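I have placed the structure first, in the form of C-alpha cells, so that the comments after it can refer back to it.
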Amino acid sequence: MSSAVIAEHPVVARAGTTRTLAAVALSAVMLPMAVTGPGVALGELASSVGASAGAAQWVLNSYNIAFTAFMLAAGSLSDLFGRRRALLVGIGVFSLASLVAGVAPSILVVDIARAVQGAGAAAILTSGSAMLAQTFNGPARAKAFGVLGASLGFGLALGPVISGALLAVSNWHAIFLANVVLGVISFVLAWPLSESHDPGARKVDVPGMVLFTVALFLLTLAFLQGPQHGWLSVPTLSVLAGSVVALALFGWVEQRGDHPMFELKLLRRKTFIAVIMQPMSIVFTFAALLVYLPLYFQGAGGLSLAASGVILLPLTLPVLVLPLISGALAARVSPRVLLASSPAILAVALVALTQVRPGGSLAWLIGSLLLAGIGIGLAFGVMDNAAVSVVPPEQSGMASGMFNTIRLTGETLGIASVGGILLTLTQGSSSTGLADAVVQGRLETARSGFGEQLTQHAVDAYVGGWHVVFGGMAVLAVTGAAAIYLMVSDRDLAS
C-alpha cells in the first residue's frame, strides 16, 4: 500500500491530527508560563543579583518584546519554509535559551537569554496555530483552537502556582529549567508531524520587523523611565516620540512594501480588526494581574510565596476549563456574543476589585477573581479560532502572526505600564528605594530600612495605586466589549 493511501486512511488521519494537536498544545503551554512564572520570583531574583524593581522588569520585558517583535516574521517564515520545521526550530531555540537563563550568573545573561527565548516562542505559536488551521476544519477546528486556548490559559494560569511551588523547594533558577523538560517532550511529539506550506508565501519583511521592534522597545522603555525620570520629563517624552515615529514608519513601509509581514489588506474587514484587537482588552489585564498580584499578596497581603500563587486559583481555574467549553459553545451561540461577553464580564469583575483591601473580605476577593477568570476564560476558547477563520486557510500563518502580535503587544504593554504606574503612585509618597521594596513585595526589607510608619504609608499608596489600575483596566474592557459587538459579523466568521 502506498504512503499516500496510508496517510489518507481514516485511522491514520485521526492519529495524525491527534499528534498535531498534542504537540501544538503542549508546546503552547510553555510560552505563557515563561511570562507569568518569573513574575513570582522577581523579588527574589532582584535581591539575588542586586537589581532594582525597574531593572528586574526587563526579565519580563525582554522576553515579551522579542516574542512580540518576531511574531509576524515567524508567521511568514513558517508559511515559507514549513510550519513543522518552524515549530521544531522554535522549540529548540526556546529550550536552549531556557537552559541558559536557568544557569545564568547575572541579570544581563538572564535578559539576553530571555530575548532569545521570546524569539523561539514566536516561532512556536505562529507555526502551531497555522498547523491547526491547516489540519482541522469546521467544528473540529473550533474544538482544536479551544484546546489551544486552554493550553495558553493553562500556562498563564499555572505559571504563578508552579513557580511558587518551585521557589518553596528551590530557587529562581528552577523556574527557567522547568521549561527545558517540557521543551524536550514537545520536540519529541512534534518530530513525526507532516509538513505544510503556503504556496503563495513570500520573503520575510526585514525592514518592517526592525521598525516594529524599535517601536515596541521604545514604548516599553518609556513606561520604565516614567517612574525614574518623570512622565513629562525630556527623556521619557523623547522615547515616546521615537516610538511614535518608528510606528508611523512601520505603517508606511508595510503599505508600500512588496512583501509586508503585516498585511494591511486584511484590515479592510471590520471583523478581522475587532478580533485581532480583542487581546488588548483581555490579555493586557490578565498578564498584568498574574505578574503583579502575587507580589501584592506577598507584600501588602502578608502571604507566603506558595500561598500567593494559590490565592490566584479563582482567577486561573476558569481559564483552564472554560476554553474547552466555549469552543463547543461557539457552535451553538453567536461567536460575536461570546467575544463581546468576555470583556464585559471582566469589566464588572475589575470594578468589584476596586473595593479590595488588605485584611478585607476574602469572599469578596475570591468572587471578584472568579468573575474575572470567567470573562477571560470565555475569550481564550474562541478568539484564536476567530482570528484564522476570517481569512482563507492559506493566509492562516499571516493571520495568526498578526493576531498573536497584538496578543503579545497587549501582554507587553500590560506588564510594562502597570508596573510603571504602580511604582509611580507608590513613589509619590515615599523614596525610590522604599517604593521598590514595597512593589516587589519585600516588606520586611522595607521595614528594616525605612521603619514601620514610612513603610505603612507606602503600602497605603501602593494599594491606592492598585485601585487606579483596576479602574483603568475596567474602562479598557468596556471599550473592547462595545467595539467587538458593533464590529464583528457572524457571517464573516462562518465564511
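For clarity, every value in this text was computed on a predicted model and none was experimentally measured.
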Practice problem: Please report the shortest heavy-atom distance between G465 and L422, naming the atom on each side. | Solution: C-CD2, 3.7 Å
Exercise. Before giving the answer on side-chain contact (heavy atoms from CB on, under 4.5 Å), spell out for M280 and L413 the whole-Å C-alpha distance, their side-chain angles and the decisive distance to 0.1 Å.
Key: CA-CA 9 Å; M280 293 299 291; L413 295 183; 4.2 Å; yes
Quiz prompt | Partner set under salt bridge (charged side-chain N to carboxylate O under 4.0 Å, His left out) for R447, not counting sequence neighbours | solution = E444, E452
Self-check item: Audit row: L353, L365, side-chain contact (heavy atoms from CB on, under 4.5 Å) steps and yes/no
Solution: CA-CA 7 Å; L353 283 170; L365 171 62; 4.2 Å; yes
Quiz item: Which pairs with one or both residues in residues 337-353 pass side chain to side chain donor-acceptor pair (under 3.5 Å), sequence neighbours excluded?
Solution: Q278-S342
Exercise. Might you point out which heavy atoms bring I484 and P343 nearest each other, and give the distance in Å?
Key: CD1-CG, 4.3 Å
Self-check item: Identified side-chain contact (heavy atoms from CB on, under 4.5 Å) partner of L290 from the options T285, V319, L315, I415
Solution: L315
Quiz item: Of all heavy-atom pairs between P294 and L312, which one has the smallest distance, and what is that distance?
Solution: CG-CD1, 3.6 Å
Practice problem: Could you grab the distance from atom OG1 of T409 to atom CE of M277, nearest 0.5 Å is fine? | Solution: 9.0 Å
Self-check item: Interatomic spacing from CE in M487 to CD1 in I273 - rounded to 0.5 Å
Solution: 5.0 Å
Exercise. With sequence neighbours left out, write down each residue that passes side-chain contact (heavy atoms from CB on, under 4.5 Å) with A215, or none if nothing qualifies.
Key: S243, A246, L247
Quiz item: Roughly how far, to the nearest 0.5 Å, is the NZ atom of K270 from the CG atom of L486?
Solution: 8.5 Å
Self-check item: Spacing of L21 atom CG and S151 atom OG [to the nearest 0.5 Å]
Solution: 7.5 Å
Quiz prompt | Donor-acceptor under 3.5 Å (T426 side chain, L423 main chain) | solution = no
Quiz item: Do you know the tightest heavy-atom contact between A300 and L443?
Solution: N-CD1, 4.0 Å
Quiz item: Taking only residues at least two apart or on different chains, which pairs with a member in residues 469-489 satisfy ring pair (Phe, Tyr, Trp, His ring centres under 6.0 Å)?
Solution: W466-F470
Quiz item: In Å, rounded to the nearest 0.5 Å, how long is the span from CG of L339 to OG of S281?
Solution: 9.5 Å
Quiz item: Closest approach of I311 and P314, non-hydrogen atoms and distance?
Solution: O-CD, 3.2 Å
Quiz item: Checking side-chain contact (heavy atoms from CB on, under 4.5 Å) for the pair F217/N61: CA distance, chi angles, key distance, verdict?
Solution: CA-CA 9 Å; F217 173 80; N61 293 327; over 6 Å; no
Quiz prompt | Contacts of Y292 that satisfy ring pair (Phe, Tyr, Trp, His ring centres under 6.0 Å) - sequence neighbours left out | solution = none
Quiz item: Which heavy atom in A115 sits nearest to a heavy atom in A66, and how many Å separate them?
Solution: O-CB, 3.0 Å
If you look only at distance, which donor and acceptor atoms sit under 3.5 Å apart when one is on a side chain in residues 366-379 and the other is two or more places apart or in another chain?
residue, atom, partner, partner atom, Å
S368, OG, W364, O, 2.8

Quiz item: Is the side chain of T354 donor-acceptor paired with the backbone N or O of V351 at a distance under 3.5 Å, no angle test?
Solution: yes
Quiz item: Which residues pass the side chain to side chain donor-acceptor pair (under 3.5 Å) test with T236, sequence neighbours left out?
Solution: S233
Exercise. State which residues pass side-chain contact (heavy atoms from CB on, under 4.5 Å) with V110; sequence neighbours excluded, sorted by chain then number.
Key: V59, A104, R114, W172, F176
Quiz item: L313: what forms a side-chain contact (heavy atoms from CB on, under 4.5 Å) with it, not counting sequence neighbours?
Solution: V161, V310, T316, L317
Practice problem: Please lay out, stage by stage, how L219 and L240 fare under the test side-chain contact (heavy atoms from CB on, under 4.5 Å). | Solution: CA-CA 6 Å; L219 183 58; L240 277 174; 3.7 Å; yes
Quiz prompt | Test side chain to side chain donor-acceptor pair (under 3.5 Å) applied to D460 - qualifying residues, sequence neighbours left out | solution = Q456
Self-check item: CD1 on I124 to OG on S27, rounded to 0.5 Å
Solution: 5.5 Å
Quiz item: Any side-chain heavy atom of L177 sitting closer than 4.5 Å to one from S98?
Solution: no
Quiz item: Going by heavy atoms in the side chains, are N179 and Q117 under 4.5 Å from each other?
Solution: yes
Self-check item: Under the side chain to side chain donor-acceptor pair (under 3.5 Å) test, residues paired with S448 that sit two or more places apart
Solution: none
Quiz prompt | Sequence-distant partners of A121, side-chain contact (heavy atoms from CB on, under 4.5 Å), two or more places apart | solution = L31, Y63, F67, F94
Quiz item: Between the side chain of H467 and the main-chain N/O of R357, is any donor-acceptor distance below 3.5 Å?
Solution: no
